[in-house]
Amino acid sequence: FLMNKEIRTSGILKIRMPLLAVVTVSLPFFAFLTCIYLSVVNNFSLATATHCGVPNYLPSISSAIGEFVPQRYIWRFAIAVHSAPRFMMVGLYSSFMKSVLPPHPVYEKLRKVNAILNLVENFALLGLSFVSSRENYDLHKVFFITFMLCSELYMILTYLLMKDNTQFLAKPLERLAFRKKKQLMSFNIFCFFFALYFFYRHNAYCETGMYTFFAFFEYMVVLSNMGFHMTAYYDFYDHELVIGERTSSLSSPS
């Protein structure tokens, strides 16, 4: 006779995905605010110093998260803890995009490229967080440029892939998430180019206040990037992460 093996999962812990999304984004968000606050309050002169020597009123992100203690450890702890669910989200979004996009070879390749961009973005964030500009400027710079490039391309490609396939977004919250993605992507790109502009002005002319504007728009780039990833709250609102054990049983059909 034939033996059928049934696999059952006994749930030990269930975590709602909206809660996981909030916690995942809240870690770097509050760490970011804390690092900026402590750098301004405790290390203002060093944190805002530039090669030009002109007055500056806000620290750059690299300075705030990597050059001082305890800011350095606060940021690294938050990034390390939040990285596990971020990597899990890469797989979840790859599956989500597969369900949304038409079964066409071009879309399939672009979906994989999108997942790779998201994956590299996460690795680059870890790299720039654990290698400060003071410890190794060249390597930190590579990680930072990689992070910015991949994060921008990931947001743009995500939007473009979904833009012509919104009819496959079955749930109202999924359509809301798409609108939020579009708004945050647009705002992010706007702030990114303004940050580049003020960074150029600061380095080319050493004008007072230019680096402060650069730092402000740099903050907006990072915060809008966090907001973009926070849209997982809506995309996976009805999902749960189940941590359990697998048990098997044998049965024989009569």
Side-chain angles (χ1 to χ4, degrees), residues 22-84 86 121-152 184 187-188 190-230:
V22 170
V23 172
T24 301
V25 176
S26 293
L27 281 166
F29 174 74
F30 286 109
F32 173 80
L33 295 181
T34 301
C35 289
I36 297 297
Y37 173 78
L38 291 177
S39 295
V40 170
V41 172
N42 298 333
N43 311 101
F44 182 79
S45 297
L46 292 174
T48 58
T50 68
H51 72 282
C52 288
V54 295
N56 177 38
Y57 307 104
L58 288 175
S60 68
I61 293 176
S62 295
S63 174
I65 68 173
E67 294 192 6
F68 308 103
V69 175
Q71 295 94 302
R72 182 189 308 163
Y73 302 125
I74 292 171
W75 179 254
R76 289 178 180 178
F77 173 80
I79 294 301
V81 173
H82 107 298
S83 64
R86 275 287 298 270
E121 175 190 347
N122 292 341
F123 276 118
L125 178 58
L126 282 169
L128 70 88
S129 298
F130 283 86
V131 180
S132 70
S133 57
R134 176 170 293 183
E135 293 167 341
N136 190 323
Y137 177 80
D138 291 333
L139 187 56
H140 178 85
K141 182 179 179 181
V142 169
F143 281 130
F144 181 79
I145 292 174
T146 302
F147 170 77
M148 290 305 306
L149 182 64
C150 289
S151 65
E152 297 295 325
L184 289 161
F187 181 73
N188 183 279
F190 172 84
C191 292
F192 176 69
F193 281 107
F194 264 88
L196 289 178
Y197 169 74
F198 286 117
F199 186 76
Y200 165 77
R201 286 282 297 268
H202 167 74
N203 284 281
Y205 305 109
C206 286
E207 298 169 290
T208 299
M210 289 299 104
Y211 201 78
T212 300
F213 283 118
F214 158 73
F216 173 78
F217 281 104
E218 189 184 30
Y219 299 169
M220 295 301 104
V221 169
V222 169
L223 292 174
S224 57
N225 176 268
M226 292 181 188
F228 189 92
H229 289 290
M230 182 63 191

Does [X] reach the side chain of [Y], with side-chain heavy atoms less than 4.5 Å apart?
X      : Y      : result
Ser132 : Tyr137 : no
Phe214 : Tyr200 : no
Phe68  : Asn42  : no
Tyr205 : Met210 : no
His82  : His229 : no
Ile74  : Leu38  : yes
Leu33  : Tyr37  : no

Output field: ring centroids Phe32/Tyr219 closer than 6.0 Å: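 So the answer is yes for these two rings.
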Ring center gap for Tyr197 and Phe193 short of 6.0 angstrom: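 Distance test on ring centres: not under 6.0 Å, no.
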Worked verdict on Phe77 versus Tyr73 for ring-ring contact (aromatic ring centres under 6.0 Å, His included): CA-CA 6 Å; Phe77 173 80; Tyr73 302 125; over 10 Å; no
Those residues that, when tested against Phe144, pass ring-ring contact (aromatic ring centres under 6.0 Å, His included) (two or more places apart):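 Per chain and number, Phe144 pairs via ring-ring contact (aromatic ring centres under 6.0 Å, His included) with no residue.
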CZ (Phe213) with more than 12 external heavy atoms under 6.0 Å: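 No, the 6.0 Å shell around CZ holds no more than 12 heavy atoms from other groups.
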Rounded distance [0.5 Å steps], CZ in Arg86 versus CG in Leu126: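 Those atoms lie 9.0 Å apart.
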Nearest-0.5 Å distance, CD1 of residue Ile61 to OG of residue Ser133: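 Interatomic distance, Ile61 CD1 to Ser133 OG, rounded to 0.5 Å: 12.0 Å.
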Asn203 (side chain) donor-acceptor with Phe199 (main chain) under 3.5 angstrom: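 Here the side-chain-to-backbone pair exists.
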Check: Ile65 main-chain N/O paired with Arg72 side-chain donor or acceptor under 3.5 Å: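 Not at all, since once roles are kept as given, no pair shorter than 3.5 Å links the two residues.
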For Ser62, the option from His140, Arg134, Glu67 that meets side-chain hydrogen bond (donor to acceptor under 3.5 Å, both in side chains):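 Among His140, Arg134, Glu67, the one that satisfies the side-chain hydrogen bond (donor to acceptor under 3.5 Å, both in side chains) with Ser62 is His140.
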Nearest heavy-atom neighbours spanning [X] and [Y]:
X      : Y      : result
Asn225 : Ser151 : ND2-CB, 3.5 Å
Val69  : Gln71  : C-OE1, 3.3 Å
Ala31  : Trp75  : CB-CE3, 3.9 Å

Stepwise side chain to side chain contact (heavy atoms under 4.5 Å, CB included) test for Thr24 and Met230: CA-CA 8 Å; Thr24 301; Met230 182 63 191; over 6 Å; no
Partners meeting side-chain contact (heavy atoms from CB on, under 4.5 Å) with Thr146 (sequence neighbours left out):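 Expected list: Val120, Ala124, Val142, Cys150.
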Anything under 3.5 Å between a donor and an acceptor, one on a side chain of residues 45-60, the other on a protein residue two or more places apart or in another chain? List them.
from  : atom 1 : to     : atom 2 : distance (Å)
Thr48 : OG1    : Phe44  : O      : 2.6
Thr50 : OG1    : Cys52  : N      : 3.4
Asn56 : OD1    : Thr212 : N      : 3.1
Asn56 : OD1    : Thr212 : OG1    : 2.6
Asn56 : ND2    : Thr48  : O      : 2.9
Asn56 : ND2    : Leu58  : O      : 3.0
Ser60 : OG     : Ser63  : N      : 3.2

